[in-house]
Structures are given as structure tokens and as C-alpha cells.
Amino acid sequence: MDFQVVVLAGGNSKNLTPLISKDVPKPLLPVANRPVLYYVLHQLRQSNLKDLIVVVEGEDAALHVGGWISKTFVDGLHVEIAAVPEDIGTAGALRAISHHLTAKDILVVSGDLVSDVPPGAVAATHRRHDAAVTAMLCSVPVSGSLESGSSGGKDKTRKPGRYNIIGLDPCKQFLLHIATGSEIEKDSRLQKHILHAVGQMEIRSDLMDAHMYAFKRSVLQEVLDQKDTFQSLKQDIVPYLVRSQLKSEALLNGISQAEENGNEKLSSPNNQVLVSKILANASTPSFHEPYSMEPDGSAQTRKTHKCCAYIASSSSYCVRLNSIQAFMDINRDVTGEADHLLSDNIIGPSPKLGTKTTVGPHCMLGEGSEMGDKCQVKRSVIGRHCRIGSHVKIVNSVVMNHVTIGDGCIIQGSVVCSNVQLQERVVLKDCLVGAGFVVTMGNEYKGESLARKEK
Amino acid sequence: MGAQKKGATARVSEDQEELARNPLQAILLADSFATTFRPITLERPKVLLPLVNIPMIDYTLAWLESAGVEEVFVFCCAHSKQVIDYLESSQWSSQPNFSVTTIESHNSISAGDALRLIYERNVIHGDFVLISGDTMSNMSLTQVLQEHKERRKKDANAIMTMVIKKSKPSPITQQSRLGTDELFMAINPVTKQLLCYEDKAERSKGFISLDKTLIADNPSIILHNDKQDCYIDVCSQEVLSLFTDNFDYQHLRRHFVKGLLVDDIMGYKIFTHEIHSSYAARIDNFRSYDTISKDIIQRWTYPFVPDILCGSSAIKVERQGAYRASDVTLSRSAHIGSFTFIGQGTKIGNDTKISHSVVGEGCTIGSNVTIEGSYIWNNVTIEDGCQLRHAIVCDGVIMRSGAVLQPGVILSFKVVVGQQFVVPAYSKVSLLQQPTQQDSDEELEYADNTSGTGELRYKLNGDIATDLSETAYELGTGGVGYIWSVFEGAQDEEWKHSVAPIPTDKLVKLMLDKDEDEEQLTQDGNVLSASGELKADSDDNGSEDDDNADSRDDYGFFEKEVEATFLRAVHENVKVDHAVLEVNALRLSYNMASVDCAGAIFYSMMKLAVESPHHSASELHRNAADIITKWQKLLKSFLHDIDEEIEVILKFEEMCLESAKEFAALFPQVLHLLYDKEILQEDAILRWADEKEGADESDKVFLKSSEKFVQWLKEAEEEDEDD
């Protein structure tokens, strides 16, 4: 398939401190003992999308990520790593690598997406409709287990997970309206002329833009060039394309006919009308063509482009790792209900468990980790080469690699990053412990974020 | 499950009992409370206008009867006598199992008034069908009634079910084929609840706003632009009482439906029922008259078609939808085209061509006449060589030879068009003069219909001849009638609702206009998003900032209002009590606390002191003292506790620093003054001093200047304690 994939593996890390550090950039943040980027790359490989550009913010991070990819995906993937400056936004990142894009269509995926929706299906939908942009929409994740929702503060309980307001046509194929961010909290403004064209629009607030888009390359590059103020794909470019879908001529004038040869839609609209008339019985009806006809039925003068939606089935799994809460959720789900995302076994090859130590279901133990006697592990992920003493209780937590936990520790609902040392009888509840931190003997923490000071 | 089933059957039998007790009732409004059919409706009520030669109300009643309605209350207002007379002489007065009762009113000016009157009569005992007398339908009511009843059982607030039908308005004119303006409805796809009804959407705005609470409450909403409101409603009894409770509800849709949708206190809900295969439409304007007539001729309304409805005079349907009564005198060379109705006793001359038209009873049509897409009612005389295109010609009209009607012409009763005269397009011609007291205010459009008719009636009989002779030239030699002038502003709109099809040049123009508009709108949209993207990260901080800014603004406005109130109180010597009331009212309307009031009032007082003429600091002090003395009661009424008093001090400090620096030197004196007048208690001042103790040096300027006073207060307190 002539598809180039751009994996945007940068992202603001401030939501995820202290889990992310210089040594562990966000794409490499382990989720169930694998870097989060693995899940995207794995899905892409499954869909046979092998021509990849991984965009990473910052040179150092790019080196880390590149090293890991070349180690892990030796076979099958053709990956380029591109480093871009920090804080230029998703659109900025694409602009920076725009000259690398050569394929006819571009699939842009966020590197923090943990999902079992096949990217190939999105690409296929895009191709089938010959769309300018196709966005993957998924059901709003049931954010946070209930108990964590209550601790999450009033704000979160007030608006139970509304991420986007999305307008769809009756066949649920075309994207007619999309509102993100702060717009959601305002009254929705729906463009009349789109409504006129399509007749009825379904407005959904239970769908989320999963940040996986297929773009027609020419359109994407055109927008990136013309609208140099656009910073974000999700908030600027996609809404812009959706908004202007019925009158894109101003935008797409610059495309030379030769370049769009294979695509009669933009270059020879008359032909398109004919084609659509011929196919009127067979193909899915599209509101784009009739709308663009002159009243006397003569030649069409307006250019339109299609914005499509691929709606993942409600049973599929699709969450973005963009907050601590999401991190906890994903860890829990990947080891639990969505364990099909992991292709191999959950308990590593050589865990050494002491006597009377129990590891409950939905748990994960990395290779080379050792546990002492009479430990309890429930609904938790434990990384590689951890040393865990005796009488340790770990519940609803994530413990990363090379962590040393002394005897009698109790860890609940916490994240313990790599190389952390917990001395004896430490009690952590709802804590975040940054990499390399040492918690001294007998300390108790609740709801705190502990991190080593940056040297 | 079994238990449930039993319950269900028990309920069904209950229903049947209920049905037995309450026969299905309908309210038929035989007055549209609108003026769209003028000038015709000045002389005859709209419901009696012939639609393919049969009065509209007959279609409505025939449908109600067939749909199982047993009791119909016909509400008549304008020309009520004509309606009652017609009904009494018609077949409807003697139907078994179908009673038609008329309710007459002379002072109702709206559907709201009508329903209030019916409520007072206390004749409706259960669910009823609300319909106006100009509605054609052949739908079955069984399903919608059942749905309505079931919903009612679950939720007593589901008081109305509206019937809707798919009809996509033209993307160019944004008008349905019935000539009604585009309608936006938001419906919950699962429950079919109506969430938003927007029929007067502002054309200039390029978007439709949906309230955020709607979206929050409904995970999925379908916004329809492709549905038509059939104006057939199944209502529960509450609807009538709601009209009585809300005496300002006039229009069924504009006030009642929208009122219910907006009102979230009572929680009444409206649901929709979509019909797919059956027909329902309302004659709202001339264009829908045209459209529905054609639908009837093409038998979409079957079984309510002319040859079945009037069984008495045998009407034959020939090929291509040509309806012909039995005793039509037709010249051999006359050509009757497709989809044409020719009524009884009509004579048609040589070489006359008629197509897509309705010709009523007893008409005389000469030779070489061309009639296209026109509606000719009864006893019309059309002489040789006339041409009619897309016109409505009422009873008794005479068109002299060679007269021409351009598209969209309406000739009201008994008009005479002179020889060779060309009536310009979209003219409305009547024997009656155009009512002069045209009220441009749309809200009152129902009013002038009824009031106007009475006044105008006399002209018909009395001095009509002399009257007309003066203006006869309007319709050529020998013509009789007035051409109504089109009111300003409506000129552009005339073609939209006319019987004539929309001319192509209009369409092209509209199309171009629309392109421009959209260009504009997209550009606006871009600007919007460009500014929006600055705060790309929609984190909570951003919105909080906004909130703060809002409330700050609010306070600013509030302060200004309070100041204005205070100044008015000073200049007009308003009593203190009244001023207190006014400030309190402001407080409520701006949603402020009394702390804010105290601050704002004090600010206004001090500002007045500064602004009144003074030459030295001592004069300023005196000014302040005067004002404080005079208005202390006002200020005190907002100083309930110590926090508010501290607020006054803080406000004063702020003023001394910013707006009224002259007071800076007087700070301790004024503070003392306030203490003396018992506006501030020593506790408040001491607390303020305490709080300030820890502040920055720059903040302590005033604390220092009033140190002595504070010191004195402290000592006094200690002495008190010693005592």
C-alpha cells in the first residue's frame, strides 16, 4: 500500500511527570513492561504498514528511541527517526518533516496510542472514499476505575469523559463537525451549509478523536504551507478541513493537475458528477456531489473534499496515554481485559517466587525479577530484574524495572519508576515515585509525587 | 417475565376501558391566525378555500373520520359564520359516530387564545389530536397514539407527540417544497424526544447553536434539516392547561413548543413521530397550495382525492391524471393536458390549451386561451385569447379578452380584468382595498386578520361601484379591483411563497449570494480558530482565567451601576430605604454578595466626595464627612459582619492608592470618622491592622499612617477589658 506512516512520538510530558525523565522519554515509558511506542508499531506491523517516520522531540530522545526501535523491530519495519525541536506542536512537527513525505497518503498516528484498532482499516477507509482526511474515532474510554474517579477531584466527576463533539452524516461515514478542547464546554455551533447539504447530522459526544488520521498528502502539505499559524493537528488542521469540506477550492487551487492525475475528484469535477450518477445505485450516497451541482444541473463549479470517519467498534480498545490516570488504566487493562494486545505470555520466563507468595490474576512479572516469601501481588505490573523482599504487598500498582523493594513494604495504587529503592517497611499509597529515588526505611507517603532532583 | 406480561395485558384492558370512556377527540383550528392568504381570506375563511375543487376542511375532516376520531371541535374565529353555515349544510353534521361541534369566538387572535377558550369550555377529556383546518393527510393515527400513550405511562411529562415527515429543503433557497422556511430540529435518536426546534433561524448566521447542556445530557443527537413539521400533534390534556397557565403563549410552535423546550423547571417533554409512507402537509402559503394541489391530483393523498371525496357528481379520472366531471362542454379542438381537473358545468372553447391546472365548476372559458399551472375556482369567465400562467383565480372573476396573467398573480373574488390588460407578476388583486393599518410588527400579524375583515366588509355591498370607478384604471379598461401594493421589505420575498415556480435568475442570484456568504463565514471561522489556537492546551488554568476575568468584569459593571444609583439617590434626594432596595436589586441581578455592595457603595461615596468641589484637604475631609453622615444608613445596611467592614477599609486603601490619591493624606482621619459614625467597629479595624501586619512594606503605608489611631483603639480595648 502506498501509505507512509508518521508516528508522532513526542508530546508534552508535563502531565506524566515524574514518570518521564531524560533517560525515559515518553515513547519509551513502559506500559506492561513494554515501551508505549511498541503498541503502535506492533499494530502498524500487523497491518503491513512498514514505511514509517517516527518523529521525536529533541535529539537525545531521538537517539534513545532510535536505539530501542532498531533493537526491537529489526525485521520488517522500515523506520526513519526524525528529531524535531520541542514545543512546535503536532502540526509543527509535520511541517518540519514535510519534505520527507512522498507517498500519496499519509497516516499520522500518535505514539501514545494503545489500541487494537487496525491502522490498516483506517487506511482502507480513507482510500475507499478517496478522502482528504479520515479520522479514527473510538468510544470514549471508561476513564479510570470508579474508585479513582472519586479521588480525581470534582472537575472530573462533573464532566464524565467528554473529549470531542462530533457530527456525522446518517451513514456515519463522513465527518461533518468536530469540536475539541475548550469548544466542548461552549454551545456547539454547527455550520448550516453543511447541514443543508447533508440534511441531517448526528451529533455525538460519546466518541473520541483517537489521534490517528489518514491524510491525502497533497492536502496535508497544502494546509501546512498555507496556514502557518496552525500548530495542532487535532485542534487546527482537522477542524479546518472539516469546516471547509464543501468549498475547498480556495485551499486546493495550488495543486497541479499532473500531481493529482490519478484523482478525478479535484481535477475534473464534471467527470466526478458523471461517475457519481452512474454509481448512484451501487455506491454509498454522498452529499458532496449533489450539493455541488448548479441549479440547472450543469457543470459543477465548486470543489469539495471529503472528510471521513472510521468509527472503531465499541468493543475495541483504544486509549491514549496522556495522563497518569490513563497510564494506570492502560497498565491495568493491558494485563487484564485487553490482554490480547500483548502477543506473549504475561509472566516472564524466570520469576523466582518465595514460599507462600501469591500472584493474583491480571498481574505481570518481568523476567529476572525475584520475590521473597509471603508476598502478595494483585492487579499489578512488575518490571524486569526487580528485587522484592518478603512480606511485601503490591496492589493496583506499576513497578518498573530494576526496582528494589525491602521487606514489609506496602504499595497501593502507586507507580514506582525504574531503579527506585524502597527500604524496609515503606508504605506508599497513591504515590508516584520518579526514577532512581530512594525512599528511606519506614516512611509512609500518601498521594504524593516523589522525584529525585535533577542534577 | 410472566408477571410483566400479565401486567401488560391488564393495562391493555385498562386502556380499552379508558378508550371506551373517552372517545378520541380532535381540535381543529379553522383559522390559521395568519395573513398569508390575503386578499382571498378577507372574504372567505381559509379552510373553505377550494383545493382541487373541494374545501380544505373537508379533506381534514374526512381524514380525521377515517383515522378513528369520534369527536371534533372546530374552532372558528375569522368568518366564523361562513364556517358554521358550511358545516351545518354539509354531510359532516349528520355522520354517525363522528360528531362535529363548532366553537365560535370573535376575539381570539391566536391559536393560544383558541386553546385557552377550549380549556374553559372543558370539553376535552383525554388525549386529543390538535390540527388546523388546512392540513391534508392520510396517515394512520393508531401508531402515534399508541406511542404517545405508552410514553405517557412511563413519563407523565411526555405531553405531546409531533408528527414529522422527511422533506429536504432545497439547498439553494433553504425552503421546503411547501414553501416553508427551513426548519432545524434536534431529536434524540433513541427516545425521539425533541430537543430543539428552530424555525426562524437567522439567515445571516452561518451556524446553528446547540446548547451545551443538551449535548451533555444526550450522548447522541440528530440534528435534522430534512424534516418537515406536519402540524399534526397528539396532545395530552395538560397542553390546554399549559396554555392557560402561560397566558402569553400565542403561537403553537414559536411560543408553546419553544417555551416547553427552554423551560427546564416543569420538565415537560415533546416527542416526535416520523411518518414515512403516508402523506401529511399543511397549506401554509400559496406555494404549498400549489404543491399540495398537485399532490392531490397525483393521488399522493389517496383515498382523499376528488373523485372519491365527492361521490355525488361523478368525476372520471382519465389517463395522465386528467379529472373531468360528467357534464363538461369541451370543444373538439380544445386540448386538455395532463394532471388537470375540470369541474362540473364548465365550458371550454376552441383551441384552448389547459395543462397542470384546476378549473372549477360553472366556468366559461373562451377560445385560444392558454392556462398553465393555474387554479381557477368556480363561475369564472375567461374570454377569448387570455393567457394564464401560475395564477390563482377566485370565484366570479371575469377576464376580458386578451388579458394576461403573469406568473404568481392572485385574483380575488369577482375581480374584472380589462381587455388586453397584462397583470404584472406576483400581483394580488382584490375588490377590497388593501388594509392600511399594516402592522409591520410580526408579533401582531394574527391580530389584524380578524379585526381587519369586519371593517372592510361593508365596501363590498355599498358604494363599491363608485369607489372602484376611481381606481378602475388599475386593471385596464372595464377592469374592477385594486392591485395591492407589496409592502416594503416583502418585495424580495414575494416570489418565495407564490404559486409560480421560482425563476431561474433568482436561483442563480441566490446561489451566488450564498457562495459569498459562505466565503465570509469560513473566513470568520478561520479567525475564530486562529485566536482559539493560542490557548491550544485546553487545560483547566485557561478556563479558570476566563472565569475570573468574567467575574471581574461583572464586578466592574456592578460597581458602575451602584455608583449611578447612588448618584441618582444623592441628586434626586431619594429616601435611604429606597436606595437600599435598589442596591439590593442590583445585588441580586448581578449575583453579588453584600460584601461587594458595601465596597461599591463606599467607593461611590468617596468618589462623590472627591468629585465635589474642594480646595484643600480639610474641605475634602468635610465633604467626605458630610456624605458619610448623610448616607451612613445606606452603607450600614450592607455591613452585617466584620468581613464587610474590613472590605470597606480595603476598598478605601485601594482608592487611596489608585483612583483617589487625594485621600491618601486623610486616611487616618477618615478611618476615625468611620469609627465615630459607628460604621466600622474597632474589631474590624484591629483585624485589618493584624492582617496587614504581615504584608509587604509597600502595603503597610496606610497602616503606618493610622498607627496612632490603631494604637489608641488597642489601648481602649485593653481598658475595657480591665474594667
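Residue numbers start from 1 in every chain, and the chains themselves are labelled A, B, ... in the order their sequence lines are given, proteins ahead of strands.
The distance from the CD1 atom of B/I215 to the CZ atom of A/R204 is 13.0 Å, given to the nearest 0.5 Å. Expressed to the nearest 0.5 Å, how far NE2 of A/H177 lies from CD1 of B/I208 amounts to 12.0 Å. Interatomic distance, A/E202 CD to B/I221 CD1, rounded to the nearest 0.5 Å: 10.0 Å. Distance CG/B/L223 to CG/A/L195: 4.5 Å, rounded to 0.5 Å.
Taking every heavy atom of both residues into account, B/P219 and A/D206 meet most closely at O-OD1, 3.6 Å.
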